[in-house]
Amino acid sequence: QQQTGGRKVSRTDVSPEQLLPEMARPECSMEFSDIIGSTPQIMRSIRFAKQAALTDFAIVLNGESGSGKDVFAQAIHNTSPRRNGPFVALNCGAIAADLVESELFGYEPGAFTGANPKGKIGKFELANGGTIFLDEIGDMPLHLQVNLLRVLQSRNIERVGGMESIPIDVRVISATNKDLEAMITKNEFREDLYFRLNVIPLHIPSLRERAGDIELLLNTALIRF
């Protein structure tokens, strides 16, 4: 419950629009100090990520599944000048291909069958003034890569079914466990989008690449659990 004008109201009495600032701030608590490791490999990545965080350039985090790309994305946001803005994440490989566009850009009321009659605000609008984290960017369908490229070039979005151009101010961090350059040669990923996203490439080492951290990680887990 929350207090509104002297009257207690439940969540069911509050419209989605009133909850948007809260919805735009999913948990983003990780800092660089939360990354456990002391090997040269992980320390090099942390040092470079801290430098990249102070810029406003797009970043691609490349590393195997489970290497901690999402942790790095949160830490970069929380160290950046946009730290007080929203951090909004979307896993491009976890939702159906035909829903990615509406998730990214939102849609107007009645835009398609089954749409929310009130419409929906997309991730880019929610992230305005902050950071959007596009996880598994290599899984984004080719036809949507064109739309994403247009947004990055124009800094404007259009909701599905809408005519209005909406300006946005968003820093983009992407992550993938795929070789995007190899995908480009197979015409599975757009080269022009790759160069827009990959302004600062950052490799996140797998545990196999930093085996010297295993004992430290085990001891930390024993203490924590």
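Not measured: the values here are computed from a predicted model.
- Follow the hydrophobic side-chain contacts under 4.5 Å out from Ile214 and you reach Ile36 in the same cluster.
- To the nearest 0.5 Å, the span separating CG on Leu144 from CG on Leu193 amounts to 11.0 Å.
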TODO: Dump the intermediate steps for side-chain contact (heavy atoms from CB on, under 4.5 Å) on Val60 and Ile137, then the final yes or no.
DONE: CA-CA 9 Å; Val60 170; Ile137 188 68; 5.5 Å; no

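- Considering only heavy atoms from C-beta on, Ile76 stays 4.5 Å or farther from Arg82 through its side chain.
- Taking the six-membered ring where tryptophan is involved, the planes of Phe87 and Phe133 are essentially parallel, since the angle between them stays under 30° and well short of 60°.
- Side chains of Ile46 and Phe72 form a contact here, defined as non-hydrogen atoms less than 4.5 Å apart.
- To the nearest 0.5 Å, atoms CD1 (Ile204) and CD (Glu64) are separated by 12.0 Å.
- Annotation for Gly138 and Leu180: closest pair CA-CD2, 3.9 Å, computed over non-hydrogen atoms.
- Distance alone, capped at 3.5 Å, is enough to place a donor-acceptor pair between the Glu209 side chain and the Ser206 backbone.
- Put simply, the side chain of Arg159 does not reach to within 4.5 Å of the side chain of Glu164, judged on heavy atoms.
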Task: Residues Arg47, Lys50; criterion side-chain contact (heavy atoms from CB on, under 4.5 Å); working and verdict - done: CA-CA 5 Å; Arg47 185 167 56 252; Lys50 285 181 177 180; 5.9 Å; no

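- When every heavy atom of Leu134 is checked against every heavy atom of Cys92, the shortest pair comes out as CB-SG, 4.3 Å.
- Taking each heavy atom of Ser38 and Asp213 in turn, the nearest pair found is N-OD1, 2.8 Å.
- Considering only heavy atoms from C-beta on, Phe105 stays 4.5 Å or farther from Ile168 through its side chain.
- Hydrophobic cluster membership differs between Leu202 and Val172, with clusters built from Ile, Leu, Val, Met, Phe, Trp and Tyr side chains linked at under 4.5 angstrom.
- Shown here for Ala53 and Pro81, the closest heavy-atom pair between the two residues is O-CD, 3.6 Å.
- Leu148 CG to Arg190 CZ: the interatomic distance, rounded to the nearest 0.5 Å, is 10.5 Å.
- When atom types are taken as modelled, the side chain of Arg171 and the backbone of Thr55 share a donor-acceptor pair closer than 3.5 angstrom.
- Here the side chains of Arg150 and Ile157 are not in contact, with every heavy-atom distance at 4.5 Å or above.
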TODO: Check the pair Leu216, Thr39 against side-chain contact (heavy atoms from CB on, under 4.5 Å), reporting the backbone distance first and the verdict last.
DONE: CA-CA 10 Å; Leu216 177 60; Thr39 58; over 6 Å; no

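- To the nearest 0.5 angstrom, Ile173 atom CD1 is 11.0 Å from Asp135 atom CG.
- Nearest heavy atom pair, residue Arg155 against residue Val170, reads NH1-O, 2.7 Å.
- Counting only distance, with no hydrogens or angles, the side chain of Lys69 and the backbone of Gly63 share a donor-acceptor pair below 3.5 Å.
- In summary, Glu188 and Lys178 do not engage in a salt bridge, as defined by a charged side-chain N under 4.0 Å from a carboxylate O.
- Between the side chain of Asp34 and the backbone N or O of Glu31 there is at least one donor-acceptor pair closer than 3.5 Å.
- Checked by atom type and distance alone, the side chain of Glu136 never pairs as donor or acceptor with a backbone atom of Asn91 at under 3.5 Å.
- Under the 4.5 Å side-chain heavy-atom criterion for Ile, Leu, Val, Met, Phe, Trp and Tyr, Leu149 and Leu142 are members of distinct hydrophobic clusters.
- At a threshold of 4.5 Å between non-hydrogen side-chain atoms, the residues Leu104 and Met140 count as touching.
- Linking ILVMFWY side-chain heavy atoms closer than 4.5 Å, directly or via other members, places Leu197 and Ile59 in two distinct hydrophobic clusters.
- Between Leu217 and Leu207, the closest side-chain pair of non-hydrogen atoms falls below 4.5 Å.
- Between Asp179 atom CG and Asn62 atom CG the span is 7.5 Å, to the nearest 0.5 Å.
- Hydrophobic cluster membership differs between Val160 and Ile132, with clusters built from Ile, Leu, Val, Met, Phe, Trp and Tyr side chains linked at under 4.5 angstrom.
- Formation of a donor-acceptor pair under 3.5 Å by the His77 side chain with backbone atoms of Gly85 is found in this model.
- Residues Asn219 and Glu215 meet the side-chain proximity criterion, which asks for heavy atoms closer than 4.5 Å.
- Residue Asn84 holds its CG atom at 9.5 Å from CG of Asn78, rounded to the nearest 0.5 Å.
- Within 6.0 Å of CD on Glu181 lie no more than 12 heavy atoms contributed by other residues, nucleotides or ligands.
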